[in-house]
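What follows is a single structure, written as structure tokens, with notes after it.
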Amino acid sequence: MMKDKNLILVCGPTAIGKTDIAINLARVLDTEIISADSRQFYREMNIGTAKPSPEQLAAVKHHLVGHLSIHNTYNVSRFEQDSLAILEGLFKTHDHAILCGGSGLYIDAVCSGIDDLPDADEALRARMNKQLQEEGITSLQAELKALDPEYYASVDPENPKRLMRAIEVCRLSGRKYSGLRKSKNKKRDFNIIRIGLNTDREILFERISRRNEQMIAEGLVEEARELYDQRELNALNTVGYKEIFQHFDGIWSLPLALEKIKTNTRRYAKRQLTWFKKDPSIQWFEPKDFDKILQFIKNKN
RNA sequence: GGUACCAUAGCUCAGUAGGUAGAGCAACGGACUGAAAAUCCGUGUGUCCUUGGUUCGAUUCCGAGUGGUACCA
């Protein structure tokens, strides 16, 4: 057991200032950072994902930043395994580790674990996407209802991705999705201290606006142009890139695309907050209150 | 300066043959177990520009004012 080992989670909405807090904590606590950001994984995407700068990356060791290509397939389960492997190594020589990011599902996978389920199957998904397109969502609803009526009763029937994943699990496992979902928290052998960062909505939106403008100034359009040919890849179904692609397609002017990026980033931030607010074990702080955060962590030890 | 048109939600606008109003977007709230920066669900938040008049009753009709737009000077 490693009861003296502590994972410090730094989470919150996009543009709140997680990176700075995490780096300062890592310096003070003499440790390293694992990124829990599902788009900073990709080495081809830099400006649009607000990746830590080369200076920041040099100042503190970051894990799982730019470790993938947009052509790789990756998923939450692999993220869970990768993170736990890194933590195991880190805790041999450190008492603290930092998990920093805004991808709620990925964070939960590390902190609480996820069930043992089959991975995505591309051929099956291609079939289901075709089915959705040609026969409509009622076709998927009927299929899932037949395969797993229990799950169908609780799932959002209008959400094609939820429907397709459940069908996929049933087909690949030969069992019901509802039966495979244990929803049991896996016990971790380290403590987890959860820090949430947030501030007034108005200020957050202002930060988002400024950051998006900064991205354009730093060359987001050029970065997106390099990736335009790969725009069908899932990794590029990402705020900041998809709007610029619309601009390249002649649908939106650049100023309009920027406005759309801001709007979609605000909505993303809202979804993140909805996710994190649900977790009562998160202790919330203003991003300016670094000293309070540090004090809170020290009191926990 | 004159004439015409316009003024309704944060924005763009619809509407009420006179009975205090509704769409899209934004915003707000929520869901979420291998696509998650994804995907999906729910909610109208309003001195109907101001002011007189007609009327049982005016956001709606009439007059005046203010602001805006266009054209003419």
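Chain naming here is simple, since letters A, B, ... match the order of the sequence lines and numbering starts at 1 in each. Fair warning: this is a prediction, and the values are worked out from it, not measured in the lab.
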>> For RNA chain B, please output the secondary structure as dot-bracket, reading 5' to 3'. Pairs are Watson-Crick or G-U wobble, both atom distances under 3.5 Å; mark crossing pairs with [ ], other-strand partners with |, unpaired with a dot.
In response: (((((((..((((.....[..)))).(((((.......))))).....(((((..]....)))))))))))).
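- Side-chain N/O atoms of A/D148 and A/S178 include a donor and acceptor closer than 3.5 Å.
- One P atom belongs to B/G29, the other to B/G34, and the distance between them is 26 Å to the nearest Å.
- Checking A/T19 against A/Q56 by side-chain atom types alone, no donor-acceptor pair falls below 3.5 Å.
- You won't find any donor-acceptor pair under 3.5 Å spanning the side chain of A/K278 and the base of B/G30, going by distance alone.
- Of the candidates B/A27, B/G29, B/C40, B/A27 carries the atom nearest the A/R267 side chain, counting heavy atoms from C-beta on.
- In this structure, the CG atom of A/L105 is 17 Å from the P atom of B/C40, given to the nearest Å.
- Within a heavy-atom distance below 4.0 Å of RNA chain B, no residue of residues 207-222 of chain A is found.
- Partners of A/F296 according to the ring pair (Phe, Tyr, Trp, His ring centres under 6.0 Å) rule, which considers only residues two or more places apart in sequence or in another chain, are A/F285.
- Atom P of B/U45 sits at a distance of 39 Å from the matching atom of B/A35, rounded to the whole Å.
- A distance of about 31 Å separates the C1' atoms of B/U3 and B/U47, rounded to the whole Å.
- Remark: A/N237, A/T238, A/V239, A/K242 in residues 235-261 of chain A come within less than 4.0 Å of RNA chain B through at least one heavy atom.
- Between A/N234 and A/I114, the residue anchored closer to the 5' end of RNA chain B is A/I114, taking for each the nucleotide with the nearest heavy atom.
- The A/W275 side chain lies nearest to B/A36 when the options are B/G29, B/A36, B/A35.
- Between A/G113 and A/G102, the residue anchored nearer the 5' end of RNA chain B, judged by the nucleotide with its closest heavy atom, is A/G113.
- For A/R271, the listed nucleotide lying nearest its side chain is B/G30; candidates were B/G30, B/A35, B/G34.
- Distance noted for atom C1' between B/U60 and B/G22: 16 Å (whole Å).
- Other residues, nucleotides and ligands contribute over 12 non-hydrogen atoms within 6.0 Å of the NZ atom of A/K186.
- In the model, A/K262 has no side-chain atom that pairs as donor or acceptor with a side-chain atom of A/N212 under 3.5 Å.
- Listed by chain and residue number, A/F41, A/H67 satisfy the ring pair (Phe, Tyr, Trp, His ring centres under 6.0 Å) test with A/Y74 (two or more places apart in sequence, or in another chain).
- Sorted by first and then second residue, the pairs that involve residues 282-292 of chain A and meet side chain to side chain donor-acceptor pair (under 3.5 Å), not counting sequence neighbours, are A/T199-A/E286.
- Among the nucleotides B/U33, B/C28, B/A36, the one closest to the side chain of A/D115 is B/U33.
- In this structure, B/G15 shows a glycosidic angle more than 90 degrees from zero, which is the anti conformation.
- Between A/L180 atom CG and B/U33 atom P there is a gap of 14 Å when expressed in whole angstrom units.
- Nearest nucleotide to the A/D119 side chain, out of B/A26, B/U33, B/G34: B/G34.
- Residue-level contact check: A/D108 touches neither bases nor backbone, having no heavy atom under 4.0 Å from any strand.
- There is a side-chain donor-acceptor pair under 3.5 Å between A/Q131 and A/E143.
- Separation of the P atoms belonging to B/C62 and B/G18 is 11 Å when rounded to the nearest angstrom.
- Rounded to whole angstrom, the span from the CD1 atom of A/I107 across to the P atom of B/C32 amounts to 16 Å.
- Checking B/A35, B/G29, B/G34 against every side-chain atom of A/M164, the shortest atom distance belongs to B/A35.
- With sequence neighbours excluded, no residue forms a ring pair (Phe, Tyr, Trp, His ring centres under 6.0 Å) with A/Y42.
- Within the structure, side chain to side chain donor-acceptor pair (under 3.5 Å) contacts touching residues 153-167 of chain A (residues at least two apart or in different chains) are A/R165-A/E168.
- The A/L117 side chain lies nearest to B/G34 when the options are B/A35, B/A27, B/G34.
- Rounded to whole Å, the separation between the C1' atoms of B/U43 and B/A36 comes to 24 Å.
- A salt bridge links A/E80 to A/R188: at least one charged side-chain nitrogen sits closer than 4.0 Å to a carboxylate oxygen.
- Between the C1' atom of B/C25 and the NZ atom of A/K262 lies a distance of 17 Å, rounded to the nearest Å.
- Side chain to side chain, A/D279 and A/S281 meet the donor-acceptor criterion of an N or O pair below 3.5 Å.
- In this structure A/E135 satisfies the salt bridge (charged side-chain N to carboxylate O under 4.0 Å, His left out) test with no other residue, sequence neighbours excluded.
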Can you give the donor-acceptor pairs under 3.5 Å from side chains of residues 113-123 of chain A to other protein atoms, not counting sequence neighbours?
| unit_1 | atom_1 | unit_2 | atom_2 | d |
| --- | --- | --- | --- | --- |
| A/D115 | OD1 | A/K182 | N | 3.4 |
| A/D115 | OD2 | A/K182 | N | 2.8 |
| A/D115 | OD2 | A/S183 | N | 3.1 |
| A/D121 | OD1 | A/A123 | N | 3.3 |
| A/D121 | OD1 | A/L124 | N | 2.8 |

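- Spacing of C1' atoms, B/U69 relative to B/C56, comes out at 39 Å, to the nearest Å.
- Across B/G34, B/A38, B/A26, the shortest atom-to-atom separation from the side chain of A/T263 is found for B/A26.
- With hydrogens and angles left out, the side-chain atoms of A/R271 and A/T274 include no donor and acceptor closer than 3.5 Å.
- Members clustered with A/V65: A/L57, by chain and number, using a 4.5 Å side-chain heavy-atom cutoff among hydrophobic residues.
- Annotation: B/G46 and B/A38 have their P atoms spaced 31 Å apart (nearest Å).
- Listed in residue order, the members of residues 153-162 of chain A having a heavy atom less than 4.0 Å from RNA chain B are A/D156, A/E158, A/N159, A/P160, A/K161, A/R162.
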